[in-house]
Amino acid sequence: GKPTKLTYAEFTKEVQTRELNKYTIHIGLISTYGKDTMSEVRRFEVGVLEAKVKPEDCDVLLSTIHNAKGAEWANVVVLDDLIPLARFQVSGSAQATFAWKAWGDEFNLWYVAVTR
């Protein structure tokens, strides 16, 4: 059928409602920088991605989970794009449990991320 056209507000609500987390970082950037988003992205590309700084010389190192595999750091912050993997639930007995969805490789990525 014909694609549905959404306003930006409708799109962001749809992302939140349907937990379409692959768009979360984009929405955050646009919410923060508005019309200046693309110039800020370019500034990041030039100042960070094209700077060719060695990882050992960095104060902060951004990495994908895939690239972090096998690496270790003293401090790690994992961004929120993997949050829906687990739902924290407290049963009637007040014991906390994690109800894992059938995520397959996504769960393995989460494990790699939190064990760096």
Side-chain angles (χ1 to χ4, degrees):
K2 187 177 176 183
T4 303
K5 292 186 178 181
L6 302 173
T7 65
Y8 182 71
E10 291 168 333
F11 174 73
T12 57
K13 184 176 182 180
E14 192 71 16
V15 167
Q16 182 179 15
T17 301
R18 293 177 47 199
E19 297 182 354
L20 302 172
N21 297 314
K22 66 182 179 180
Y23 299 111
T24 302
I25 194 165
H26 304 93
I27 290 171
L29 287 169
I30 293 167
S31 296
T32 301
Y33 297 108
K35 63 180 177 59
D36 296 324
T37 300
M38 292 313 296
S39 62
E40 289 298 317
V41 168
R42 182 64 188 142
R43 193 169 73 90
F44 176 80
E45 287 174 337
V46 170
V48 177
L49 300 179
E50 295 172 7
K52 306 291 184 207
V53 177
K54 295 178 185 174
E56 58 270 13
D57 295 332
C58 294
D59 293 324
V60 175
L61 179 68
L62 300 177
S63 174
T64 65
I65 295 170
H66 288 92
N67 286 339
K69 200 169 188 174
E72 292 186 24
W73 297 285
N75 297 300
V76 174
V77 175
V78 179
L79 297 181
D80 63 357
D81 51 338
L82 295 176
I83 284 177
L85 281 176
R87 294 287 181 234
F88 186 71
Q89 300 174 351
V90 178
S91 64
S93 65
Q95 290 183 338
T97 60
F98 286 101
W100 299 107
K101 295 180 180 181
W103 286 89
D105 289 341
E106 291 293 315
F107 178 78
N108 292 332
L109 280 176
W110 175 84
Y111 178 80
V112 168
V114 298
T115 58
R116 293 306 95 204

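Excluded from the calculations below are hydrogen atoms, water molecules and symmetry mates; all remaining heavy atoms, backbone and side chain alike, are included. Counting begins at 1 with the first residue of the sequence. All values derive from a computational prediction rather than experimental measurement.
- Shortest non-hydrogen contact noted between T12 and A9 is OG1-O, 2.9 Å.
- Residues satisfying the side chain to side chain contact (heavy atoms under 4.5 Å, CB included) test with T37, not counting sequence neighbours, are L29, I30, Y33, V41.
- Both I27 and L6 are assigned to one and the same hydrophobic cluster, defined by single-linkage of ILVMFWY side chains at heavy-atom distances under 4.5 Å.
- Both Y23 and Y8 are assigned to one and the same hydrophobic cluster, defined by single-linkage of ILVMFWY side chains at heavy-atom distances under 4.5 Å.
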Extract all donor-acceptor atom pairs below 3.5 Å that involve side chains of residues 43-50 and protein atoms in other chains or at least two apart in sequence.
from : atom 1 : to  : atom 2 : distance (Å)
R43  : NE     : E40 : OE1    : 3.1
R43  : NH2    : E40 : OE1    : 3.1
E45  : OE1    : R42 : NH1    : 3.1
E50  : OE2    : R42 : NH1    : 3.0

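- With sequence neighbours excluded, the residues satisfying side chain to side chain contact (heavy atoms under 4.5 Å, CB included) with N67 are S63, T64.
- Taking the salt bridge (charged side-chain N to carboxylate O under 4.0 Å, His left out) definition, one finds that E14 meets it with R18, sequence neighbours left out.
- The cluster map of Ile, Leu, Val, Met, Phe, Trp and Tyr, joined by side-chain heavy atoms under 4.5 Å apart, puts L62 and V76 in different clusters.
- Applying the salt bridge (charged side-chain N to carboxylate O under 4.0 Å, His left out) rule to pairs touching residues 51-60 yields nothing, sequence neighbours excluded.
- For the side chain to side chain donor-acceptor pair (under 3.5 Å) test, residues two or more places apart in sequence or in another chain that qualify with T7 are E10.
- Two residues are said to be in side-chain contact when any heavy atoms from C-beta on lie closer than 4.5 Å; T24 and K22 fail this criterion.
- Other residues, nucleotides and ligands place more than 12 heavy atoms under 6.0 Å from the CZ atom of F11.
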